[in-house]
Amino acid sequence: STWGLDSSSRATFGSAPAMATRNDGSELLRLNVRELPLGTRCAGALALGLFCLVSVSSMCSDAFTLIAGYAIPPHFYVWNVLTAGWVSASIVEMGLFVLVLVWTGRAIESAWGPIEFARYLVTVN
(Lines give C-alpha, C1' and ligand atoms only; values in the text may rest on other atoms or scores of the structure.)
Protein backbone atom coordinates (compact mmCIF):
# COMPACT_ATOMS: atom_id res chain seq x y z
CA SER A 1 0.00 0.00 0.00
CA THR A 2 1.10 3.56 -0.56
CA TRP A 3 0.27 4.77 2.95
CA GLY A 4 0.21 2.82 6.18
CA LEU A 5 1.46 -0.68 6.81
CA ASP A 6 2.26 -3.49 4.41
CA SER A 7 1.01 -7.04 4.85
CA SER A 8 3.72 -7.90 7.39
CA SER A 9 2.62 -5.01 9.66
CA ARG A 10 5.94 -3.24 9.16
CA ALA A 11 6.20 0.38 8.07
CA THR A 12 7.24 0.70 4.44
CA PHE A 13 9.65 3.33 3.14
CA GLY A 14 7.73 6.43 2.15
CA SER A 15 4.70 5.49 4.18
CA ALA A 16 3.13 7.45 6.96
CA PRO A 17 2.95 5.87 10.42
CA ALA A 18 -0.18 3.89 11.15
CA MET A 19 -2.99 6.28 12.03
CA ALA A 20 -6.65 6.83 11.44
CA THR A 21 -7.14 7.42 7.71
CA ARG A 22 -9.11 10.45 6.59
CA ASN A 23 -9.86 11.46 3.04
CA ASP A 24 -8.93 15.14 3.39
CA GLY A 25 -5.16 14.55 3.62
CA SER A 26 -4.84 15.88 7.18
CA GLU A 27 -3.07 12.68 8.27
CA LEU A 28 0.05 13.95 6.49
CA LEU A 29 0.22 16.93 8.86
CA ARG A 30 -0.43 14.95 12.04
CA LEU A 31 2.70 14.33 14.06
CA ASN A 32 2.68 11.93 16.97
CA VAL A 33 6.03 11.90 18.76
CA ARG A 34 5.43 8.40 20.15
CA GLU A 35 5.26 7.01 16.61
CA LEU A 36 8.68 8.42 15.67
CA PRO A 37 11.72 6.16 15.78
CA LEU A 38 14.01 6.64 18.78
CA GLY A 39 16.91 8.09 16.78
CA THR A 40 14.66 10.71 15.19
CA ARG A 41 13.29 11.71 18.59
CA CYS A 42 16.81 12.00 20.03
CA ALA A 43 18.03 14.08 17.07
CA GLY A 44 15.08 16.46 17.41
CA ALA A 45 15.65 16.78 21.16
CA LEU A 46 19.35 17.47 20.54
CA ALA A 47 18.54 20.25 18.07
CA LEU A 48 16.01 21.83 20.45
CA GLY A 49 18.40 21.54 23.39
CA LEU A 50 21.28 23.17 21.52
CA PHE A 51 18.99 26.00 20.41
CA CYS A 52 17.94 26.63 24.02
CA LEU A 53 21.56 26.59 25.24
CA VAL A 54 22.80 28.93 22.52
CA SER A 55 19.92 31.39 22.91
CA VAL A 56 20.41 31.61 26.69
CA SER A 57 24.16 32.13 26.90
CA SER A 58 26.74 33.73 24.61
CA MET A 59 29.38 31.45 26.13
CA CYS A 60 27.40 28.42 24.91
CA SER A 61 27.09 30.09 21.52
CA ASP A 62 30.88 30.31 21.27
CA ALA A 63 31.23 26.70 22.40
CA PHE A 64 28.77 25.16 19.90
CA THR A 65 28.94 27.34 16.78
CA LEU A 66 31.81 27.14 14.32
CA ILE A 67 34.19 30.05 14.83
CA ALA A 68 37.48 29.66 12.98
CA GLY A 69 39.61 30.96 15.83
CA TYR A 70 38.07 28.53 18.32
CA ALA A 71 38.52 25.38 16.23
CA ILE A 72 42.32 25.63 16.57
CA PRO A 73 44.56 26.03 19.65
CA PRO A 74 44.55 27.73 22.18
CA HIS A 75 40.74 27.26 22.47
CA PHE A 76 40.61 24.00 20.49
CA TYR A 77 36.85 23.33 20.47
CA VAL A 78 37.04 20.37 18.07
CA TRP A 79 33.38 19.44 18.61
CA ASN A 80 32.39 22.68 16.82
CA VAL A 81 32.75 20.85 13.54
CA LEU A 82 30.00 18.41 14.61
CA THR A 83 27.69 20.78 16.49
CA ALA A 84 27.74 23.76 14.11
CA GLY A 85 25.22 22.16 11.75
CA TRP A 86 22.77 21.63 14.61
CA VAL A 87 22.77 25.18 15.97
CA SER A 88 20.07 27.52 14.67
CA ALA A 89 20.22 31.30 14.77
CA SER A 90 16.47 31.96 15.01
CA ILE A 91 13.33 30.25 16.21
CA VAL A 92 12.03 30.00 12.62
CA GLU A 93 15.23 28.35 11.40
CA MET A 94 15.16 25.93 14.35
CA GLY A 95 11.50 25.10 13.73
CA LEU A 96 12.11 24.34 10.06
CA PHE A 97 15.22 22.30 10.88
CA VAL A 98 13.38 20.13 13.41
CA LEU A 99 10.35 19.76 11.12
CA VAL A 100 12.46 18.57 8.18
CA LEU A 101 14.53 16.38 10.50
CA VAL A 102 11.42 14.65 11.86
CA TRP A 103 9.69 14.20 8.50
CA THR A 104 12.74 12.83 6.73
CA GLY A 105 14.15 11.10 9.81
CA ARG A 106 11.26 8.73 10.29
CA ALA A 107 11.49 7.51 6.69
CA ILE A 108 15.28 7.26 6.64
CA GLU A 109 15.58 5.61 10.04
CA SER A 110 12.90 3.02 9.32
CA ALA A 111 14.56 2.16 6.00
CA TRP A 112 18.22 2.21 7.07
CA GLY A 113 18.09 1.52 10.80
CA PRO A 114 19.25 3.65 13.73
CA ILE A 115 23.01 3.18 13.28
CA GLU A 116 23.02 4.17 9.60
CA PHE A 117 20.69 7.08 10.42
CA ALA A 118 23.17 8.33 13.05
CA ARG A 119 26.02 8.00 10.54
CA TYR A 120 23.96 9.94 8.01
CA LEU A 121 23.29 12.77 10.47
CA VAL A 122 26.95 13.04 11.45
CA THR A 123 28.07 13.01 7.81
CA VAL A 124 25.48 15.45 6.45
CA ASN A 125 25.55 17.96 9.28
Could you tell me which non-hydrogen atom of [X] sits nearest to which non-hydrogen atom of [Y], and how far apart they are?
| X | Y | result |
| --- | --- | --- |
| R41 | L36 | NE-O, 3.2 Å |
| V98 | A47 | CG2-CB, 4.0 Å |
| R106 | P37 | CB-CD, 3.8 Å |
| C60 | V54 | O-CG2, 4.2 Å |
| S55 | C52 | OG-O, 3.1 Å |
| E93 | A89 | OE1-N, 3.1 Å |

Hydrophobic clusters here meaning ILVMFWY residues chained together by side-chain heavy-atom distances under 4.5 Å, can you tell me if [X] and [Y] are in one?
| X | Y | value |
| --- | --- | --- |
| W103 | L38 | no |
| W112 | V100 | no |
| V122 | V78 | no |
| L101 | V124 | yes |
| Y120 | L82 | no |

Nearest-0.5 Å distance that lies between atom CG in L66 and atom OH in Y77 =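 OH of Y77 is found 13.0 Å from CG of L66.
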
Inter-residue atom distance L121.CG - C42.SG, 0.5 Å rounding |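 Nearest 0.5 Å value for the CG-SG distance: 11.0 Å.
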
What residue among F51, W79, F64, F97 forms ring-ring contact (aromatic ring centres under 6.0 Å, His included) with W86?
->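 For W86, the ring-ring contact (aromatic ring centres under 6.0 Å, His included) test succeeds with only one of F51, W79, F64, F97, which is F97.
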
Determine yes or no for a side-chain-to-main-chain donor-acceptor pair under 3.5 angstrom, with E109 supplying the side chain and T40 the backbone.
->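 Looks like yes, one N/O pair under 3.5 Å.
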
Donor-acceptor under 3.5 Å (S88 side chain, S90 main chain) |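 No, S88 side chain to S90 backbone: no donor-acceptor pair under 3.5 Å.
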
